[in-house]
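Step one of this worksheet: look at the structure below.
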Amino acid sequence: MLKPESNTKRLLMNTTGIWSLEVNGKERPIAVPGSWNEQYQDLCYEEGPFTYRTILYVPEELSKKHARLYFSAVNTDCEVYLNEEKVGENHIGYLPFEIDVTGKVKPGKNELKVIVKNELKVGGFPSKVPDSGTHTVGFFGSFPPANFDFFPYGGIIRPVLVEFTDHSRILDIRVDTSKSEPEKKLGRVRVKVEVSEEAMGEEMKIKLGEVEKKLKVTDRFIEEEFVLDDARFWCPEDPHLYPLRIELEKDEYILDVGIRTISWDEKRLYLNGKPIFLKGFGKHEEFPVLGQGTFYPMMVKDFNLLKWINANSFRTSHYPYSEEWLDLADRLGILVIDEAPHVGITRYHYNPETQKIAEDNVQRMIARDKNHPSVIMWSVANEPESNHPDAEGFFKALYETAKKMDNTRPVVMVSMMDTPDERTRDVALKYFDIVCVNRYYGWYIYQGRIDEGLKALEEDMEELYRRHKKPIFVTEFGADAIAGFHYDPPQMFSEEYQAELVEKTINLLMKKDYIVGTHVWAFADFKTPQNVRRPILNHKGVFTRDRQPKLVAHVLRRLWSER
Ligand SMILES: O=C(O)[C@H]1O[C@@H](Oc2ccc([N+](=O)[O-])cc2)[C@H](O)[C@@H](O)[C@@H]1O
């Protein structure tokens with residue numbers, strides 16, 4: 001699926017602004033994008049369903065065009081009505097969906113209505129803590145009872161767009177540069193274009209940089225290869241993008257292409273044939289008042305801070321972020337581990353229906369993000385109950401689904417299991433390309449004892465490598481620090497404790513030749529459900545929620561500039 005684009009042949013209508021929200025039969029203003037939980041105190045813990053409404057005015061000539069209604073993300077379940085006719089529905093958050101409304105948009109006034117529900121469900125998405133308290137990783141008793149550690153915000157959280165194009169149009173583009181040869185500076189860019197039936201017989205132009213190819217459209221799928229001598233390879237130091245322009249007589253699409261290769265062996269991860277070590281963070285897309293609503297200044301600020309701190313990567317924990325994050329990552333040379341919206345998965349998810357939904361989510365994430373050079377890995381889940389026997393088939397299927405769609409990138413799942421404790425034996429991790437684990441030595445275990453914790457961490461890593469013989473990526477580690485709390489000797493929750501734990505952990509892990517990355521949890525403080533471990537926020541942020549540095553930020557900036 002292509003992100004809607006405004007260009008000389010496509011027209012984009014943006015509905016961003018103040019919509020109306022009906023709650024218990026009464027209307028009130030609501031901002032889109034945004035989350036209702038933060039805009040109204042009385043809706044803070046409400047799951048809906050609530051009805052959103054807005055008016056679209058459409059000029060006569062546009063009403064004859066092909067019209068695509070594009071929801072960048074709605075959390076979570078929704079039904080969409082155009083002029084009181086139901087036109088679509090969607091049941092997963094954080095991923096876009098499109099509805100063909102050609103012929104349904106009238107000239108003049110149109111009413112768009114969206115009924116949105118954000119219900120936590122045991123065995124569903126978003127996941128609710130099971131009553132039995134199975135695999136609740138400390139969330140049992142949390143309110144709201146989300147089976148994950150961030151606030152379950154509801155609403156139309158990302159832009160809603162209407163794209164008008166000709167009926168003869170470009171449906172999808174797939175770019176693959178994996179056959180390039182970086183040592184020879186030889187770029188191979190395979191371009192696959194899908195067009196609508198109406199484009200048949202037309203002339204198409206495909207232009208990459210200065211090279212243009214012309215062809216006649218005789219099939220709905222068109223494939224071309226560009227070979228570039230002396231290509232500039234995309235990498236964090238030189239995130240060079242080549243503009244790719246696909247043109248039909250009455251449609252066009254422009255996509256930025258980064259030429260790069262990704263590979264891995266038993267110990268290392270390579271970008272353009274050279275080993276790459278991932279330095280960065282897990283993070284969240286959330287902010288006070290905005291909730292999980294798309295907000296551009298925060299993205300620019302976060303990338304500026306990632307550069308400032310000398311990081312080269314982040315994970316979109318625990319769901320795909322707004323597409324603009326990836327556009328910025330492409331442009332600025334930041335690598336991204338793109339994670340599916342699968343967090344808090346328990347044994348209650350391990351059934352054929354839910355597996356089908358999860359496979360679909362993985363496919364939709366890849367369909368959306370496949371062309372971003374910054375995306376270096378797909379993560380199919382975070383911290384599932386993967387020591388349960390039924391996890392094996394479930395995650396093997398997710399691995400295979402991702403691989404079938406894209407065999408050019410490593411596919412991973414992020415596990416909190418597979419520690420030296422036999423009871424945590426992960427039954428699914430063996431299927432994945434890189435072993436990704438979250439570890440909290442010196443925090444949840446070995447509380448207050450950093451040095452002892454690190455000894456245990458080292459044994460854990462050595463055993464893990466011995467068992468898997470694959471690269472290991474520590475996707476989470478860290479400690480809460482409440483900004484302004486200081487203590488000597490360092491004590492849990494002080495800035496000193498967090499700084500010492502993070503520095504010592506990185507120094508230990510960077511010595512291991514089978515470790516390909518260390519991501520600190522987390523980039524910034526973020527809001528969670530209420531429970532005794534969380535004073536309003538999760539305070540593991542290296543930055544505060546409003547993006548000011550804690551002590552550890554300065555430590556990381558120095559550590560990461562040295563290597
Ligand atoms: O806890 C954290 O700060 C972070 O760690 C991970 O979740 C855990 C929660 C509890 C325990 N435990 O009790 O051992 C271990 C891990 C999650 O991936 C992340 O979303 C969360 O914010």
Side-chain angles (χ1 to χ4, degrees), residues 94 120 125-127 129 133-142 144-153 280-286 292 314-321 337 339-346 379-387 412-421 423-424 426 429 436-449 453 456-457 460 473-482 492-493 497-498 501-502 505 517-545 550 552:
Y94 308 107
L120 297 164
F125 303 108
S127 173
V129 180
T134 309
H135 185 68
T136 54
V137 277
F139 306 127
F140 191 62
S142 269
N147 197 35
F148 46 85
D149 192 29
F150 57 92
F151 198 84
Y153 286 116
F281 305 91
K283 63 198 306 302
H284 273 293
E285 186 176 11
E286 66 99 53
Q292 287 188 315
F314 69 90
R315 174 167 60 118
T316 71
S317 43
H318 298 309
Y319 39 82
Y321 292 0
I337 292 85
E339 189 157 280
H342 297 155
V343 59
I345 291 186
T346 64
S379 161
V380 303
N382 180 73
E383 295 195 349
E385 189 183 9
S386 49
N387 58 341
V412 304
M413 76 169 221
V414 173
S415 176
M416 66 179 305
M417 302 291 180
D418 233 31
T419 71
D421 181 344
R423 287 167 301 177
T424 70
D426 195 302
L429 205 48
C436 291
V437 289
N438 296 345
R439 294 295 190 257
Y440 284 95
Y441 290 92
W443 191 256
Y444 293 117
I445 50 173
Y446 296 89
Q447 305 190 13
R449 292 170 293 152
L457 171 64
D460 181 336
F473 177 9
V474 179
T475 34
E476 284 184 24
F477 67 97
D480 287 72
I482 298 179
M492 290 176 82
F493 293 104
Y497 190 91
Q498 181 190 39
L501 183 143
V502 167
T505 306
T518 47
H519 274 185
V520 181
W521 187 260
F523 179 78
D525 293 348
F526 57 91
K527 182 168 156 147
T528 70
Q530 304 177 68
N531 65 70
V532 292
R533 293 175 190 227
R534 301 281 180 259
I536 305 185
L537 308 178
N538 180 314
H539 286 269
K540 292 191 187 70
V542 162
F543 296 96
T544 59
R545 202 180 186 200
K550 297 183 193 169
V552 66

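Counting starts at 1 for both ligands and their atoms, following the listed order. Since the model is a prediction, treat every value here as computed from it, not as a measurement. What's counted below: heavy atoms across the whole structure, side chains too, no hydrogens, waters or symmetry copies.
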When you measure from [atom] to each heavy atom in [options], which option holds the nearest one?
atom: atom 3 (O) of ligand 1; options: Arg439, Arg533, Lys540; value: Lys540
atom: atom 11 (C) of ligand 1; options: Phe526, Phe477, Tyr444; value: Tyr444
atom: atom 8 (C) of ligand 1; options: Glu383, His318, His284; value: Glu383

Could you walk me through whether Tyr94 and Glu285 pass the side chain to side chain contact (heavy atoms under 4.5 Å, CB included) test, one step at a time?
-> CA-CA 10 Å; Tyr94 308 107; Glu285 186 176 11; 5.9 Å; no

Heavy-atom contacts with [X] under 4.0 Å: which atoms of ligand 1 show up? List them by number with element.
X: Asn538; answer: 2 (C), 3 (O), 22 (O)
X: Arg534; answer: 1 (O), 2 (C), 3 (O)
X: Asn438; answer: 18 (O)

Name the one of Phe477, Phe314, Phe281, Phe473 that satisfies ring-ring contact (aromatic ring centres under 6.0 Å, His included) with His519?
-> Phe473

Report the part of [X] (side chain from C-beta onward, or backbone N, CA, C, O) that has a heavy atom under 4.0 Å from ligand 1; answer both or neither where that applies.
X: Tyr440; answer: side chain
X: Trp521; answer: side chain
X: Asn382; answer: side chain

Angle class for the Tyr444/Tyr440 ring planes (parallel below 30°, perpendicular above 60°, tilted otherwise)?
-> perpendicular

Any side-chain donor paired with an acceptor under 3.5 Å for Thr475 and Asn438?
-> yes

Lys/Arg-Asp/Glu bridge criterion (N-O < 4.0 Å) met for Asp525, Lys540 = no

Salt bridge or not for Arg534 and Asp149, using N-O below 4.0 Å?
-> yes

Ligand 1 to Asp149 polar contact by distance, N or O atoms, under 3.5 Å | yes

With Lys283 as the cation and Phe526 as the aromatic partner, state whether NZ or CZ is under 6.0 Å from the six-membered ring centre and within 45° of the axis.
-> no

